[in-house]
Amino acid sequence: MSIDLSIPPVPISFEVYPPRSDAGVAALHETIRHLASVDPRFISVTYGAGGSTGGRSLELLTHILRETHVEPLAHLTCVGNTYAGANALIREFLDAGITSFLALRGDPPAGVSEDDVFLGDLDSAAQLVQLIDRVQAEREPYSEAPIPGVPGAVRLAERPRVDIAVAAFPNGHPRSRHPFEDIDALLAKQAAGATLAITQLFFHADDYLAFVQRSREAGVTIPILPGIMPITSPTRLRRVLELTGEQLPADLAIALEIEPTAEGQRVVGVAHAARLSREVVDGGAPGVHLYAFNNHDTVLDVLREAGVLDPATRMPDAVR
């Protein structure tokens, strides 16, 4: 199954992360059933830096593959990985039937500098894109197709290719040295074989739309999918800003701070994300990718309020 961003209505997708304990598995499986019921193009699963096995990430990816009709997309990072380790991990995912990836450089662990040897053998997401494609080609160099009317005869067919998404940064990566470095990096990822870009979160539609325009003018042709994160509390907003280096969105921050109740803050966050979704889709975005925080209620409410999902839509009995 390949990731197709051309089929109407507005394509949607979600990101989840592996449960931190066995107790969270059942709840996350229920969330995935809800998310799958609205026909997303894919559900991506995060993965930490380093390690020699897919672990909980692989378990969750295979659950999505076997129990839903939705394409699972595996995150992979460079940081802390050797070539041998990354090669083995990619093969592990491919052997399990996972053929869609998000190739990320990743951030150094706390207290580790950019020059530390711990960062591993892969210097960039573009190198990881190339490695994913090469491992898949080595594992399955060709495929066969039957010849109609000639029983038992086959011909060589074009080998299946993996889908490889990469990250994009509308407001610049914290390590960027100049305004166009992020677009240069996206061009390098595209040249390496990336088929889709998913953006870091942003808080205003113009951030995304202007970035897409600059990217197109520079020669980026792959789809650039807007990544939208519903921010439903001041605490979450502060944490997100710490992790991403994004500038404080004053309008959202004030609205969250003056709202005294948790439910009211949730309403504020859903409304902001819904408005953002409508504006980027109206501006030509090829879909909407929502960071779900392992909760289906909020992201589905965002899509309903944005008009992407019918407000009258009800979950089937199987996922209630």
Side-chain angles (χ1 to χ4, degrees), residues 2-6 11 13 15 41-42 44 46-47 49 73-79 81 83 86-87 90 99-108 114-115 119-137 159 161-228 244-247 280-281 283-289 291:
S2 77
I3 299 169
D4 187 347
L5 295 174
S6 64
S13 54
E15 177 185 291
R41 294 296 179 261
F42 61 89
S44 71
T46 64
Y47 181 77
L73 183 147
H75 291 214
L76 292 174
T77 59
C78 297
V79 168
N81 244 329
Y83 281 114
N87 190 307
I90 294 164
T99 57
S100 295
F101 298 90
L102 175 60
L104 303 165
R105 180 187 182 271
D107 296 316
E114 286 290 327
D115 299 324
L119 294 183
D121 294 337
L122 297 163
D123 296 328
S124 68
Q127 291 183 7
L128 182 55
V129 170
Q130 290 178 314
L131 180 61
I132 294 169
D133 191 58
R134 184 164 68 247
V135 170
Q136 196 265 351
R159 72 173 176 88
R161 301 186 67 88
V162 289
D163 285 301
I164 308 175
V166 293
F169 300 88
N171 292 317
H173 192 281
R175 291 191 299 270
S176 295
R177 294 164 294 184
H178 56 79
F180 287 95
E181 185 171 6
D182 297 290
I183 294 177
D184 291 343
L186 187 52
L187 283 166
K189 296 172 189 177
Q190 176 178 277
T195 56
L196 169 69
I198 304 173
T199 74
Q200 172 73 276
L201 86 162
F202 53 91
F203 295 105
H204 301 97
D206 286 346
D207 295 341
Y208 166 80
L209 297 174
F211 174 77
V212 171
Q213 182 175 347
R214 294 194 305 273
S215 299
R216 297 296 181 233
E217 291 170 351
V220 176
T221 59
I222 60 176
I224 302 175
L225 194 60
I228 295 177
T244 64
E246 289 288 315
Q247 293 187 353
V280 296
V281 169
V288 177
H289 181 70
Y291 300 98

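Just the heavy atoms: all of them, side chains too, but no hydrogens, waters or symmetry mates, feed the values below.
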Working to the nearest 0.5 angstrom, can you tell me the gap between [X] [atom1] and [Y] [atom2]?
| X | Y | atom1 | atom2 | answer |
| --- | --- | --- | --- | --- |
| Thr244 | Asn171 | OG1 | CG | 9.0 Å |
| Ile224 | Arg216 | CD1 | CZ | 4.0 Å |
| Leu225 | Phe42 | CG | CZ | 5.5 Å |
| Thr46 | Leu76 | OG1 | CG | 11.5 Å |
| Leu104 | Ser124 | CG | OG | 12.0 Å |
| Asp182 | Leu187 | CG | CG | 11.0 Å |

Quiz item: Is Thr199 reaching over with its side chain to a backbone N or O of Gly227, donor-acceptor style, under 3.5 angstrom?
Solution: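 Confirmed, Thr199 side chain pairs with Gly227 backbone.
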
Quiz item: Distance-only, no hydrogens or angles: does the Gln200 side chain make a donor-acceptor pair with backbone N or O of Ala168 under 3.5 Å?
Solution: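 Side chain of Gln200 to backbone of Ala168, a donor-acceptor pair under 3.5 Å: no, none is there.
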
Looking only at heavy atoms, which two atoms of [X] and [Y] are closest? And how far apart?
| X | Y | answer |
| --- | --- | --- |
| Ala165 | Leu73 | CB-CD1, 4.4 Å |
| Gly219 | Gln190 | O-NE2, 3.3 Å |
| Val129 | Ala194 | CG1-N, 3.6 Å |
| His289 | Ile198 | CD2-CG2, 3.5 Å |
| Tyr208 | Pro286 | OH-CD, 3.4 Å |
| Tyr83 | Gln127 | OH-OE1, 3.8 Å |

With a 4.5 Å limit on heavy-atom distance, are the side chains of [X] and [Y] in contact?
| X | Y | answer |
| --- | --- | --- |
| Thr195 | Ile222 | no |
| Ile183 | Arg214 | yes |
| Ile228 | Leu201 | no |
| Leu128 | Cys78 | yes |
| Ile90 | Leu131 | yes |
| Phe211 | Asp207 | no |

Exercise. Start with the C-alpha distance between Phe101 and His75, add both sets of side-chain angles, then the distance that settles ring pair (Phe, Tyr, Trp, His ring centres under 6.0 Å), and finish with yes or no.
Key: CA-CA 6 Å; Phe101 298 90; His75 291 214; over 10 Å; no

